[in-house]
There are 2 protein chains.
Amino acid sequence: MSKKQLIMERALELFAKQGFEATSVQQITDHCGISKGAFYLSFKSKDELIFSLIDYFMTQLISDIDYKVKNAQNEELLFTYFYTSFQTFFQHSDFAKVLMKEQAQTLHNKELIEKMHLYDRLLDKVTLSMIERLYGEEVNKTKYDLVYCIKGLMGNYSKLMLFSNASLDLKLLSESLVEKTNLLANHATIAFISEDFIQSMEQPALGEVTKEQLLEMITQKTDELEESIEKESLILLKQQVLEPSLSPAIVKGLLENIRNHPHCKWISYLLRSYFNF
Amino acid sequence: MSKKQLIMERALELFAKQGFEATSVQQITDHCGISKGAFYLSFKSKDELIFSLIDYFMTQLISDIDYKVKNAQNEELLFTYFYTSFQTFFQHSDFAKVLMKEQAQTLHNKELIEKMHLYDRLLDKVTLSMIERLYGEEVNKTKYDLVYCIKGLMGNYSKLMLFSNASLDLKLLSESLVEKTNLLANHATIAFISEDFIQSMEQPALGEVTKEQLLEMITQKTDELEESIEKESLILLKQQVLEPSLSPAIVKGLLENIRNHPHCKWISYLLRSYFNF
DNA sequence: TTGACAGTTGACCGATTAGTCATTATTATA
DNA sequence: TATAATAATGACTAATCGGTCAACTGTCAA
């Protein structure tokens with residue numbers, strides 16, 4: 001394990017307990033068994049550490065949920081959405097706790113708050129596309145409102161379960177939320193959040209990347225990886241972005257190859273969007 | 001305005017913008033136009049200030065909602081609940097922002113976290129009693145779950161509106177939530193939160209006070225008040241607690257007298273519970 | 001005019017923080 | 001083994017924090 005990963009893992013444990021601001025670099029290095037100077041060899045500041053943590057987990061979270069949602073049958077779609085979300089959340093419960101604690105306006109780095117908002121909106125986008133697919137035109141007037149209801153319900157249940165040490169039946173919780181979502185989608189008529197409301201809030205462009213940024217990211221990740229199937233797949237995918245020559249089946253297979261590598265989830269997500277899978 | 005009130009008002013503005021931990025005493029005193037020493041003449045620590053703020057606003061918030069809910073007709077009950085909650089919330093939006101930011105585990109004072117939990121549970125209690133009154137035995141299995149759904153929905157909409165500067169139609173929002181609550185109450189069958197779950201979480205006693213504590217609080221408040229109808233009412237109510245002699249109508253009238261005084265809302269709430277109004 | 005007094009001030013204190021860098025330890029190379 | 005290159009250390013700095021207290025100000029009765 002690289003020193004960077006060690007620091008990230010151990011720091012996350014402290015952040016989950018005490019919060020980001022309340023945890024000093026000294027505490028982190030003590031908890032890692034390294035010196036303070038060594039910390040600054042891996043991260044150029046404490047802020048860069050929390051940046052890395054949020055990027056690392058949020059990209060995994062979003063791409064995981066997006067993949068599961070895109071590849072689920074309609075009958076199991078809602079359940080899959082909730083179950084995957086909660087599962088991923090509790091799999092990385094330390095990170096989830098940090099996210100809850102520092103949610104919205106506790107952190108004072110402007111850039112970081114913007115990043116969080118961006119990820120937040122990306123998650124909304126996944127939820128919205130699921131709703132549109134499930135209920136179609138019928139919920140055109142209420143779908144944005146529905147997204148916020150789902151978010152509110154999930155957030156509250158997550159908070160409850162993360163900070164109480166109760167044993168958790170994720171299956172029951174997911175089933176319960178499936179029922180509620182169906183009720184609200186099929187019978188609610190009064191929407192508070194409209195499309196106008198959404199548009200009046202978001203000015204900056206959504207998390208889209210240009211072809212050039214995508215290529216650059218692939219190059220960077222390729223350099224980081226050891227020789228492996230994942231690395232070879234990435235190289236082939238890069239060529240495919242530069243000049244398409246492979247069949248869709250091959251491209252899909254290559255994407256599948258890198259999907260479960262923790263460091264490739266985000267690129268996998270971006271490439272799936274790029275190739276329309 | 002007393003110096004204490006000045007500090008509380010001005011500090012709240014800063015806390016809403018920056019959060020409690022991120023605001024220094026120096027900033028507060030600068031913003032008040034007083035010296036650092038003067039701050040410590042009114043509050044013996046920075047913690048005591050946030051304590052006072054939370055007590056001052058939470059007691060008002062809870063007693064307001066409780067009163068409105070207890071005195072509303074069944075047909076308008078849900079709407080009144082939501083509308084009053086949101087109205088009170090946005091009337092004191094600076095405090096609401098502080099509450100959102102520091103919710104749960106950001107603050108590091110153990111006593112303060114306990115206090116917040118207590119107020120949280122008191123609000124749950126108000127919500128639960130409303131649900132029981134509205135839907136009766138029919139929701140016995142799902143009522144605790146319903147409380148958490150309502151809380152999640154309200155919390156999410158509140159967050160959205162407090163931190164976006166959008167114009168707000170509280171009537172529409174309340175109507176929308178009335179519809180949703182009715183849908184969930186009348187048709188949801190799968191409850192995730194059960195009575196057992198609740199009981200397994202709360203060990204300490206709920207915010208009940210003994211007769212002695214109640215009398216002491218009344219005495220203290222009486223001393224603080226100027227000569228007024230409110231003060232006279234309080235004195236009479238104290239006697240009524242010591243040895244009941246007045247008719248229910250008179251007691252209710254006396255309670256009404258003090259209900260809207262900012263410093264008496266909490267005592268009014270406690271007395272209403274004590275006298276079963 | 002004096003002196004007692006309540007109210008107010010801001011320089012100061014000890015503790016803690018993120019971040020630096022000269023020094024030392026370890027490893028790789030020749 | 002000797003030398004160069006790299007990795008790791010922890011004492012140090014400058015800044016900020018909550019909280020204290022000797023000194024100062026203005027008021028009013030004597």
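Since we're looking at a predicted model, the values are computed, not measured. Protein chains get the first letters and strands the later ones, always in sequence-line order, with residue 1 at the start of each.
In this structure, B:Q91 has no side-chain contact (heavy atoms from CB on, under 4.5 Å) partners at least two apart in sequence or on a different chain. Residues that satisfy the side-chain contact (heavy atoms from CB on, under 4.5 Å) test with A:T222, not counting sequence neighbours, are A:I218, A:K231, A:L234, A:I235. Listed by chain and number, the residues in a side-chain contact (heavy atoms from CB on, under 4.5 Å) with A:E212 are A:T210 (sequence neighbours excluded).
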**OP:** Kindly determine whether B:Y67 and B:E256 satisfy side chain to side chain donor-acceptor pair (under 3.5 Å), including the steps that lead there.
**Re:** CA-CA 10 Å; B:Y67 179 85; B:E256 199 64 28; 2.9 Å; yes
Subject >> Footprint string (nucleotides 9-21 of chain D, 5' to 3'): B base within contact, S backbone only, - free, heavy atoms under 4.0 Å >> reply: BB------SBBBB
What are the atom names and distances for every N/O pair under 3.5 Å that joins the protein to nucleotides 22-27 of chain D?
none

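Here chain B contacts DNA chain C (any atom closer than 4.0 Å to a heavy atom, that is under 4.0 Å), and the contacts span C:dT8 to C:dG10 from 5' to 3'.
B:F20 carries B:K46 over the face of its six-membered ring, with the cationic atom under 6.0 Å from the centre and within 45° of the normal. Both cation-pi conditions hold for B:K4 and B:F43: the charged atom is under 6.0 angstrom from the six-membered ring centre and inside a 45 degree cone around its axis. B:Y148 carries B:K151 over the face of its six-membered ring, with the cationic atom under 6.0 Å from the centre and within 45° of the normal.
Of the candidates A:F90, A:Y56, A:F57, A:F89, A:F57 is the only one forming a ring pair (Phe, Tyr, Trp, His ring centres under 6.0 Å) with A:F95.
Using modelled atom types, one finds a donor on one side chain and an acceptor on the other under 3.5 Å when comparing A:Y119 with A:D55.
A:K265 contributes no side-chain N or O that, together with a main-chain N or O of A:I62, makes up a donor-acceptor pair within less than 3.5 Å.
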